[in-house]
Participant: 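Submitted below is the structure of interest, expressed as structure tokens.
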There are 2 protein chains.
Amino acid sequence: MADVAREVGVTAKTVSRVLNDDGPVAVETRERVMEAVRKLGYQPNLMARNMRVGARDAAIGLVIPEMGNPFFGTVAGGVESVVRPRGLTLIVGSSSETAELERSLVATFLARRVSGLMIVPSAAGDHRYLRTERAAGLPIVFLDRPAVGMAADHVVSGNREGAREGVAHLVAHGHRRIGFVGDLPAVLYTRRERFQGYRDALAAAGLPFDRALVESGHDQEAASAAVVRLLALPDPPTALFAANNFASMGAVVALARARRRDVALVGFDDLPLAEVLEPPLTVVAQDPAAIGTAAAELVLSRLDGRPSRAAHREQIPTRLIARGSGELPPSR
Amino acid sequence: MADVAREVGVTAKTVSRVLNDDGPVAVETRERVMEAVRKLGYQPNLMARNMRVGARDAAIGLVIPEMGNPFFGTVAGGVESVVRPRGLTLIVGSSSETAELERSLVATFLARRVSGLMIVPSAAGDHRYLRTERAAGLPIVFLDRPAVGMAADHVVSGNREGAREGVAHLVAHGHRRIGFVGDLPAVLYTRRERFQGYRDALAAAGLPFDRALVESGHDQEAASAAVVRLLALPDPPTALFAANNFASMGAVVALARARRRDVALVGFDDLPLAEVLEPPLTVVAQDPAAIGTAAAELVLSRLDGRPSRAAHREQIPTRLIARGSGELPPSR
DNA sequence: TTGACACATGTCATCGTTGACATGCGCCGT
DNA sequence: ACGGCGCATGTCAACGATGACATGTGTCAA
């Protein structure tokens, strides 16, 4: 900036005035400044500016478990579509689903003085350490899963309701033994909720819950293996509910390999080529982009000063898409 | 920081020394400072620090066309896996494949004084405006496609070679009329290269090039429609080469809807459920994570001062994965 | 003619942090 | 006993920008 000022023969302050449309500047001076700016390729230093005006960094920190997973990618896209038009930059990091990485990412973001924090919390974490920041007015919103140990804004899918609807759909088509394939049980919020929805649907239909019909696996291969185990049971399920996209893919693969076209399947979360599978896959679709946009809007509204002590919870509804695999009748 | 200093009864400088392990500090003082830091929940202000030390922001700016596309999501994941261990933060923005957004994103990143710039360039852009920055020593690497109007480092897939291999595979299985379904022709680098590879393979086999067998569409639906047009030709192709993931999905869907299991298909870029499609999809797989990591490592090596005037080009090889759809014999 | 006022620009201090250099004190060797 | 050295800490300025306030000039009404 000093260079530009020297070039034009004015003070840095005047250049600043021109660039910020702040205070009166002679038309001719303005033009000469603009020209010098172009000539020297000057770009104001955002870091310095932010520091001076005491503002937080015009950025939003987003923590997701993995970038490669299209679900979270789409969530991130939703976030970006909302924050960018507001002039905010998106800073992203992936936690690999570990509490340590998540925490270190958050620390980095806080040190950068981001204007808002959006977190897809890792299973094992505890977010009490963020209380101070939240109390200090920093907008913090959790996505896909609520915070642990702290009441905070969060945006989640209608996991329990969606799972209930999906399983009820299978029940409505005559199934009485329905297998559940989900992520590892432990602590994952979405898995818990969807499992509850599964039990809700069974209970509503007066069907018994059979622990033997519940299998787990974290990735696609593990889910496949889980399905193989279920099908090998003495009294195997006639239908399966896959509680997430990897479980769905694993189930689809396992059934295809076993050439079992008679087992009904409903997956949680939609897949790209669902309609051309054999049979076409029935799913309970989430709306990841909507989760992102809703969460981002929540952050913005907090930024615009709607502090509100109370934690706001937003639930994005799911949508059952019947395509064939969920409408198969029981094979026995 | 001043607060911490006051709490302990020392100067800010001493606190700074403790936190940066810089210069000698009495053990006792160090401990008292650390305790005050904990007590007050103090976090050093990175913006101020960076400004003072005149360093660039410890961040890498990444521009991708869309976050929702798993290809670019995986690329971003690859980038992050390399830059994070180096203490660099990843700043991401999506250009929606438009030159304007791309440029405005780059401007934002430059104003933030990022340490490096990684760009998946939009089709219509011209990157001459980045010459100054590059000359000034800012590491700039282009991913998936080279820069336009400027020689710069870039990491791309072996598009032409991969496409040639894929099409040659179809030729080897007896096909003589092979349709090409790609993105809109215009200017997109990857489309051009893959198209060249297609022509290379035809030429190598002594097959004629027939313009009627080339169709385009930007998204999945358009690609589907393109395939429908190809199949409706008086002398239709017996095999198809789909030049990107959307084209592949569109082709798969179109063939499935038309119940045409006799048309051979090779897609460029792998798809999640490729193996369970009917028939299983043969693809020329790219390695998006490798593109990301290679590009990130290039940036880091430039950061470590391997300036080198010359632009470095890195090509990530593709891999043909035969699964069935590409090995179908011609139906006539 | 004078003073009030609008306008164009300048001066200075400051944001939070850290480099460069200064200070004060105790200890050691000669 | 004294110079010199090392340690612990302090002082000051500066990074690049802008807010608060000051200055200087021209215009116009009284």
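Treat the numbers as computed from the prediction; the structure is a model and nothing was measured. Below, all heavy atoms of this structure are taken into account, side chains as well, without hydrogens, waters or symmetry copies. Labels below follow one simple rule: chain letters A, B, ... track the order of the sequence lines, proteins then strands, and each chain is numbered from 1.
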Participant: Check this one for me: any side-chain N or O of B:Thr14 less than 4.0 Å away from OP1 or OP2 of D:dA8?
Facilitator: no
Participant: Is A:Asn50 close enough to D:dA17 that one of its side-chain N or O atoms is under 4.0 Å from OP1 or OP2 there?
Facilitator: no
Participant: Is any side-chain N or O of A:Thr29 closer than 4.0 Å to OP1 or OP2 of C:dT9?
Facilitator: yes
Participant: Measure CE/B:Met47 against P/C:dT17 and give the value in whole Å, please.
Facilitator: 10 Å
Participant: B:Ala48 side chain: which of C:dG16, C:dC7, D:dT9 is closest?
Facilitator: C:dG16
Participant: More 5' along DNA chain D: A:Pro44 or B:Val25, using each one's nearest nucleotide?
Facilitator: B:Val25
Participant: Which is more 5' along DNA chain C, the nucleotide nearest B:Arg52 or the one nearest B:Arg17? Just name the residue.
Facilitator: B:Arg52
Participant: Figure out the CZ/C1' separation between B:Arg32 and D:dT9, and round it to whole Å.
Facilitator: 12 Å
Participant: Could you tell me how far apart A:Leu46 (CG) and D:dA17 (P) are, to the nearest whole angstrom?
Facilitator: 10 Å
Participant: Between C:dC7 atom C1' and A:Arg30 atom CZ, what is the distance in whole Å?
Facilitator: 13 Å
Participant: Looking only at the side chain of A:Met1 (C-beta and beyond, no hydrogens), which of the listed nucleotides C:dT18, D:dT18, C:dG16 gets closest?
Facilitator: D:dT18
Participant: Distance check needed: D:dG16 P versus B:Arg56 CZ, whole Å only.
Facilitator: 12 Å
Participant: Measure from the side-chain heavy atoms of A:Asn45 and tell me the nearest of C:dT9, D:dG16, D:dT11.
Facilitator: D:dG16
Participant: Find the distance B:Asp22:CG to D:dG10:P and express it as a whole number of Å.
Facilitator: 14 Å
Participant: Using a strict 4.0 Å threshold on nitrogen-to-oxygen distance, state whether A:Asp3 and A:Lys39 make a salt bridge.
Facilitator: no
Participant: Rounded off to whole Å, could you give me the OH-to-P distance for the A:Tyr42 and D:dG16 pair?
Facilitator: 10 Å
Participant: Do the side chains of A:Arg103 and A:Asp126 get close enough for a salt bridge, i.e. N-O under 4.0 angstrom?
Facilitator: no
Participant: Main chain of B:Phe71, side chain of B:Asn69: is a donor-acceptor contact present, judged purely on distance under 3.5 Å?
Facilitator: yes
Participant: Would you say D:dG16 has OP1 or OP2 under 4.0 Å from some side-chain N or O of A:Arg49?
Facilitator: no
Participant: Within the pair B:Ser16 and C:dG16, is there a side-chain N or O less than 4.0 Å away from OP1 or OP2?
Facilitator: no
Participant: Whole Å only: how far is the CZ atom of A:Arg112 from the P atom of C:dT17?
Facilitator: 15 Å
Participant: Select one nucleotide: of C:dT9, D:dT9, C:dG16, the one nearest the side-chain heavy atoms of A:Ala26.
Facilitator: C:dT9
Participant: Is it the case that the side chains of A:Ser94 and A:Glu66 hold a donor-acceptor pair, with the cut-off being a distance below 3.5 Å and no angle test?
Facilitator: no
Participant: Could you report the tightest heavy-atom contact between B:Ala76 and B:Leu62, atom names first, then the distance?
Facilitator: CB-CD2, 3.8 Å
